[in-house]
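Just the heavy atoms: all of them, side chains too, but no hydrogens, waters or symmetry mates, feed the values below. Note on naming: letters A, B, ... go to the chains in the order of the sequence lines (proteins, then strands), and numbering restarts at 1 for each one.
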Number of protein chains: 2
Amino acid sequence: MAIFSKTCEYAIRAVFFIAHKTATGSRVGIKDIAQGIDSPEHFLAKILQDLSRKGLISSIKGPHGGFYIDTPALSRPLSEIVEAVDGNSLFVGCALGLKQCSEINPCPLHNEFKAIRNRIHAMLATTTIGSFNEELMEGLLSLKK
Amino acid sequence: MAIFSKTCEYAIRAVFFIAHKTATGSRVGIKDIAQGIDSPEHFLAKILQDLSRKGLISSIKGPHGGFYIDTPALSRPLSEIVEAVDGNSLFVGCALGLKQCSEINPCPLHNEFKAIRNRIHAMLATTTIGSFNEELMEGLLSLKK
DNA sequence: TTAATAAAAGATATTTTTGTCTTTTATTTT
DNA sequence: AAAATAAAAGACAAAAATATCTTTTATTAA
Ligand code: FES
Ligand code: FES
């Protein structure tokens, strides 16, 4: 199992892609995004529609339209994307699937896993949507293949 | 998303359950295991058949038969269970679903995620199947609800 | 050696995830 | 106003994960 769903993987990659492509005020179309992150176009469209409805990204229809991320949104944490798509189970759920992760009824992995879970959350909470724009422009980081 | 598949969650819980129930040489039936870890009986049966075929647990048919884990197997790491069920993608896969996680073509989350992934692997590699037997017997840890 | 027990195996069903295709709506340009 | 563009929405399809039910095989006990 991967740590994120396919939907979430595409969402994060797309958001990074849109952020770095539109940091200068332009827009980018679904076709470009899909090929830029190597994802199925129509499936990605659904995901972006959802993120757009939730206000995490923006879009405009018609000629010269497309998706974009405005400057204030660039400083929002990645955890908001993950929560919007996969919910918060990764941040609060039990490693072994107990209905409720708790200190009073812990599973065997609870203590170790709690620390790992916190680290995952810290990574996503401290990483902003725009934080890799420079590295992406310089081609130091990859969003496909 | 959870970190393990349902199948893997059931597998780990069942293995801990069998380990602590059969540490003294007895056996435990699928019905008891399923109710002891609150899982669907027939689905769990498939999972245990698989683990049994792979030699991670043992079983005997017929009256007084059932599943058990012998003493040497008690010291095998939990990572073997996870690998048998979910494969090794959790230990080597890219956080963002790139085909290949690598230093030369890293995704934005690579550095942070690599450390997290290593910690997950460390947790599973250092935890043995029998390591929680005492706490389970004392009722300090839970495998259901 | 027959009956009972319990896992193994096989077949089928349901749900969720992932993916595709078509139509509609909003916006812009001509 | 008409045509072109591009996202939004809707309908549908395929694949994978999860779950259930039935039959078979191995073992034991009577
Ligand atoms: S109870 Fe399982 S991780 Fe907390
Ligand atoms: S390339 Fe994504 S985690 Fe290594």
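- A:H20 and A:E135 are not linked by any side-chain donor-acceptor pair at a separation below 3.5 angstrom, with hydrogens and angles left out of the test.
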In 5'-to-3' order, the base (B), backbone-only (S) or no-contact (-) status of each nucleotide in nucleotides 19-29 of chain D, using a 4.0 angstrom heavy-atom cut-off, is BBBB--BBBBS

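- Taking side-chain N and O atoms only, B:T7 has a distance below 4.0 Å to OP1 or OP2 of D:dT18.
- Remark: P of D:dA17 and CG of B:D86 are 9 Å apart, rounded to the nearest angstrom.
- Remark: P of D:dT18 and CD1 of B:I37 are 14 Å apart, rounded to the nearest angstrom.
- Here A:S59 does not reach the OP1 or OP2 of D:dA6: none of its side-chain N or O atoms lies under 4.0 Å away.
- Across the helix from C:dT1-D:dA30 to C:dT30-D:dA1, the helix axis at one end is tilted relative to the axis at the other end by 0° (nearest 10 degrees, each axis from five pairs).
- Annotation for B:I60: hydrophobic cluster partners, listed by chain and number, are B:Y68 (ILVMFWY side-chain heavy atoms under 4.5 Å, direct or chained).
- Here the C1' atom of nucleotide D:dT18 and the CZ atom of B:F4 are 18 Å apart, to the nearest Å.
- Atom CG of B:L143 is separated from atom OH of B:Y10 by 13.5 Å, given to the nearest 0.5 angstrom.
- Here C:dA9 presents its C1' atom at 16 Å from CD1 of B:I47, a figure rounded to the nearest Å.
- As a whole-Å value, the separation of A:I57 CD1 from D:dA6 C1' is 14 Å.
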Please evaluate residues A:L44 and A:I37 with respect to the criterion side chain to side chain contact (heavy atoms under 4.5 Å, CB included), reporting the C-alpha separation (whole Å), side-chain torsions for both, the decisive distance (0.1 Å), and the verdict. CA-CA 10 Å; A:L44 181 62; A:I37 69 169; 4.0 Å; yes

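- Following rounding to the nearest Å, B:D50 (CG) and C:dA8 (C1') show an atom-to-atom distance of 12 Å.
- Look at B:K54 and B:E80 and you find no salt bridge, because none of the NZ, NE, NH1 or NH2 atoms lies under 4.0 Å from a carboxylate O.
- Rounded to whole Å, atom P of C:dT18 lies 15 Å from atom CG of A:L48.
- Hydrophobic clustering (side-chain heavy atoms under 4.5 Å, transitive across Ile, Leu, Val, Met, Phe, Trp, Tyr) groups A:F43 together with A:V15.
- Atom SG of B:C107 is separated from atom CG of A:L141 by 8.0 Å, given to the nearest 0.5 angstrom.
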Quick one: do B:K21 and B:D32 satisfy salt bridge (Lys or Arg N to Asp or Glu O under 4.0 Å)? Show the steps, please. CA-CA 10 Å; B:K21 284 284 180 187; B:D32 284 352; over 6 Å; no

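- Put simply, the side chain of A:R117 gets close to the backbone of A:V92: a donor and an acceptor are under 3.5 Å apart.
- Put simply, CD1 on A:I30 is 13 Å from P on C:dT20, counting in whole angstrom units.
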